[in-house]
Visitor: 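Mind looking over this structure? Questions follow.
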Protein chains: 2
Amino acid sequence: MTNASGRLTPLKPKTGTRPGKKINETDVPNYINNSEDKSENSSISKADSSLFVGSVEKGFSVLHAFSRSRKPLSLTEIASETGMGKSAAQRFCYTLVQLGFLERDESSRRMRPSAKLLELSHTYLASNPISSIAAPYLLQARENSGEAVNLALPMEQDVIYIARLSSSNSHILHPIVGGRAPMFCTSSGRAYLSTQTPEDIERILDASDLTPITRHTITDRAEILKRVDDVTINGYTTACQECIVGELTIAAPIWGADGLGVGSVNICVTRPAWTEERVIDELAPIVCQTAHNISLALSN
Amino acid sequence: MTNASGRLTPLKPKTGTRPGKKINETDVPNYINNSEDKSENSSISKADSSLFVGSVEKGFSVLHAFSRSRKPLSLTEIASETGMGKSAAQRFCYTLVQLGFLERDESSRRMRPSAKLLELSHTYLASNPISSIAAPYLLQARENSGEAVNLALPMEQDVIYIARLSSSNSHILHPIVGGRAPMFCTSSGRAYLSTQTPEDIERILDASDLTPITRHTITDRAEILKRVDDVTINGYTTACQECIVGELTIAAPIWGADGLGVGSVNICVTRPAWTEERVIDELAPIVCQTAHNISLALSN
DNA sequence: TATATTTGTATTGCAATACAATACTTAGTA
DNA sequence: TACTAAGTATTGTATTGCAATACAAATATA
């Protein structure tokens with residue numbers, strides 16, 4: 001209900017005032033994301049320029065519905081998940097099935113994401129050199145530590161993981177690539193935050209939902225800022241069980257050629273085999289060295 | 001030019017005959033992809049049901065443009081790559097930038113795919129258990145072989161790789177996940193083909209572009225079919241330098257609970273350290289065992 | 001087995017949206 | 001400074017996407 005676009009009353013007049021529009025009062029092109037009204041309520045709704053193609057957004061919003069509930073969804077479930085009407089849901093599901101991004105089980109009539117979505121991630125990975133550049137150093141870090149190593153980039157108030165090397169003795173592959181986690185409570189996020197100006201940090205924290213995820217999640221702003229400052233002092237920061245109980249992580253920031261923060265490397269271990277002290281003793285040098293090497297490699 | 005939708009003459013009449021349409025002569029629902037007219041010429045154009053939302057397709061076609069040329073693209077390049085007009089390209093680029101799937105470099109004004117695309121792959125991986133189920137066996141295979149292990153699923157006339165474990169001593173991470181390769185000239189593809197009926201195999205080969213990729217690519221249908229048959233006899237098949245010069249691969253099929261082929265596992269090594277004989281001697285048992293274990297795990 | 005209810009599918013008129021055309025602006029070159 | 005090419009903004013038009021709705025199929029209930 002209460003679709004984010006405010007499409008509540010069907011047939012609302014909305015007298016066709018599209019042509020005419022407000023005549024670009026500023027001198028900054030429409031392209032710039034000059035919307036400070038971020039994240040209204042749900043996922044949908046972004047821009048309202050006359051250039052914006054709403055159907056594209058709706059298509060992605062159907063796909064996004066599957067990242068919340070990870071089960072196959074029926075048409076009506078998709079309609080209610082996305083806040084679209086049944087007709088619209090029907091249209092977009094039909095389209096996405098035709099395009100191959102959703103698969104339909106003919107007996108249950110439920111849809112689920114198809115492997116074709118991986119093609120899109122491949123498009124990103126193949127056209128963006130960062131993960132290839134970082135790869136050798138990440139592999140080295142995994143070899144030196146024996147533990148899981150991740151590469152993360154900032155995305156709004158979150159970090160998004162773009163590469164993962166699982167620990168040498170792991171027997172599962174955590175599908176973390178493409179996953180997001182809040183900056184404020186991850187070592188990756190705090191490492192990245194340390195590359196930002198105090199104003200930007202404030203802005204990101206303001207926009208963050210500081211609800212604790214585990215009972216160890218640090219939500220006190222002063223304490224978060226202190227941990228971010230730690231990076232400037234020591235070169236790394238840790239987060240212990242703040243996202244996942246039993247998980248300890250340590251991260252260091254990656255800098256780009258332009259002197260701006262790019263993302264971060266983190267190493268990820270579990271209790272009780274590891275303690276925070278041991279993480280700092282053994283992994284801090286590795287994670288710092290790795291981040292440093294990647295930063296250098298990015299500048300060449 | 002000659003956009004696949006036949007949108008050649010601007011302002012062509014196309015007298016508004018949309019409502020009315022042909023009244024579903026068959027009894028098979030519109031959802032079923034009953035179009036045999038596959039892959040006309042370029043990438044665009046699929047269905048023409050009144051349910052189909054063309055803008056969604058166009059959005060994806062813009063993203064797809066980046067998988068051909070892996071560099072950042074300007075607006076006009078995107079327009080010509082996709083066959084859309086400049087206006088349409090503008091709209092879809094604007095939309096995709098707003099949604100965060102494309103990033104704009106303000107100085108060069110070029111766009112490139114953003115890491116947010118990885119979220120979509122995560123949606124797939126998280127809602128589809130196959131890669132998690134297969135993971136322990138793939139890890140085991142990598143441990144036993146020390147070499148790169150891949151998991152592939154069929155997609156039209158190609159296979160798409162949905163998981164990759166790089167070889168123990170590799171210092172690069174080949175971004176192969178989400179990548180596609182033709183079935184006819186890959187060991188993975190042939191292993192999958194062996195699970196299909198002769199008619200389906202013929203159909204897939206008919207639809208395939210049998211142009212050789214390297215000078216070792218086998219394009220003779222009888223020879224391809226023989227290699228596919230090998231799987232039935234021996235449980236595995238090989239492909240040597242047919243896609244990448246210097247690369248030898250061996251694959252075995254994965255079967256689902258319903259007795260239908262699901263995909264395949266392959267192990268991937270390089271010359272001159274390896275020869276086809278050594279691959280068969282040392283890796284065939286591993287790849288067969290792995291595929292068998294995954295098939296069993298999928299049935300439980 | 002019949003009836004009710006829910007879910008999926010198909011159709012249609014309406015109007016809002018996406019488009020081509022085009023004018024305008026900026027950047028890059030001569 | 002003019003010239004050219006590329007990017008950006010605007011607008012009328014009609015195509016497209018939508019809600020509403022009718023129809024069908026499946027599932028639940030009696």
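Note on naming: letters A, B, ... go to the chains in the order of the sequence lines (proteins, then strands), and numbering restarts at 1 for each one.
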Visitor: Working to the nearest 0.5 angstrom, can you tell me the gap between Arg180(A) CZ and His122(B) NE2?
Guide: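 Taking CZ in Arg180(A) and NE2 in His122(B), the distance rounds to 11.5 Å.
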Visitor: Take Arg109(A) and Ser55(A), find for each the nucleotide of DNA chain D with the closest heavy atom, and name the residue whose nucleotide sits nearer the 5' end.
Guide: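 The residue mapped nearer the 5' terminus is Ser55(A).
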Visitor: To the nearest Å, how far apart are Phe52(B) CZ and dT9(C) P?
Guide: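 Whole-Å distance recorded here is 17 Å.
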Visitor: For the atom pair CG (Leu153(A)) and CG (Asn128(A)), what is the distance rounded to the nearest 0.5 Å?
Guide: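 Between Leu153(A) CG and Asn128(A) CG, I get 8.0 Å after rounding to 0.5 Å.
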Visitor: Taking N and O atoms by type only, does the side chain of Ser87(A) place a donor or acceptor under 3.5 Å from a partner on the base of dA20(D)?
Guide: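 A donor-acceptor contact between them is present.
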Visitor: I'd like to know if Asp206(B) pairs up with Arg203(B) as an ion pair, taking the criterion as any Lys NZ or Arg NE/NH1/NH2 lying under 4.0 Å from an Asp or Glu carboxylate oxygen.
Guide: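 Salt bridge between Asp206(B) and Arg203(B), a charged N being under 4.0 Å from a carboxylate O: no.
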Visitor: For Met111(A) and dT9(C), what is the distance between atoms CE and C1' respectively, to the nearest whole Å?
Guide: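 Interatomic distance, CE of Met111(A) to C1' of dT9(C): 12 Å.
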Visitor: Could you tell me how far apart Arg110(B) (CZ) and dG28(C) (C1') are, to the nearest whole angstrom?
Guide: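 Rounded to the whole Å, the gap is 13 Å.
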Visitor: Base of dT22(C), side chain of Lys86(B) - is there a donor-acceptor contact under 3.5 Å?
Guide: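 No, the side chain and the base share no sub-3.5 Å donor-acceptor pair.
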Visitor: Quickly work out the Leu73(B) CG to dG7(D) P distance and round it to whole Å.
Guide: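 Rounding to the nearest Å, CG of Leu73(B) and P of dG7(D) are 11 Å apart.
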Visitor: Rounded to the Å, how far apart are Gln90(B) CD and dA20(C) P?
Guide: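 In whole Å, dA20(C) P and Gln90(B) CD are 11 Å from each other.
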Visitor: Does Val56(A) or Ser74(A) map to a spot on DNA chain C nearer the 5' end, using the closest nucleotide for each?
Guide: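 Between the two, 5'-proximity favours Ser74(A).
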Visitor: Can you tell me the distance, in whole Å, between the CZ atom of Arg104(A) and the C1' atom of dG8(C)?
Guide: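 Arg104(A) atom CZ is separated from dG8(C) atom C1' by 8 Å.
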Visitor: Figure out the CD/C1' separation between Glu106(B) and dT8(D), and round it to whole Å.
Guide: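 Atom-to-atom, Glu106(B) to dT8(D), this comes out as 12 Å.
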Visitor: How many Å lie between CG on Leu51(B) and C1' on dC18(D), as a whole number?
Guide: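 That distance rounds to 11 Å.
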Visitor: Take Gly85(B) and Glu77(A), find for each the nucleotide of DNA chain C with the closest heavy atom, and name the residue whose nucleotide sits nearer the 5' end.
Guide: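 With Gly85(B) and Glu77(A) compared, the 5'-side residue is Glu77(A).
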Visitor: Could you tell me if the side chain of Phe66(B) sits less than 4.5 Å from the side chain of Ile78(B), heavy atoms only?
Guide: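 Answer yes - side chains close enough.
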Visitor: May I ask you to decide if the ring planes of Phe60(A) and Phe101(B) are parallel, tilted or perpendicular, using 30° and 60° as cut-offs?
Guide: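 Geometry flag for Phe101(B) against Phe60(A): parallel rings.
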Visitor: Which part of the nucleic acid, if any, lies within reach of Thr76(A) when heavy atoms closer than 4.0 Å are counted: base, sugar-phosphate only, or nothing?
Guide: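 If one applies the 4.0 Å heavy-atom cut-off, Thr76(A) turns out to touch the sugar-phosphate alone, with no base involved.
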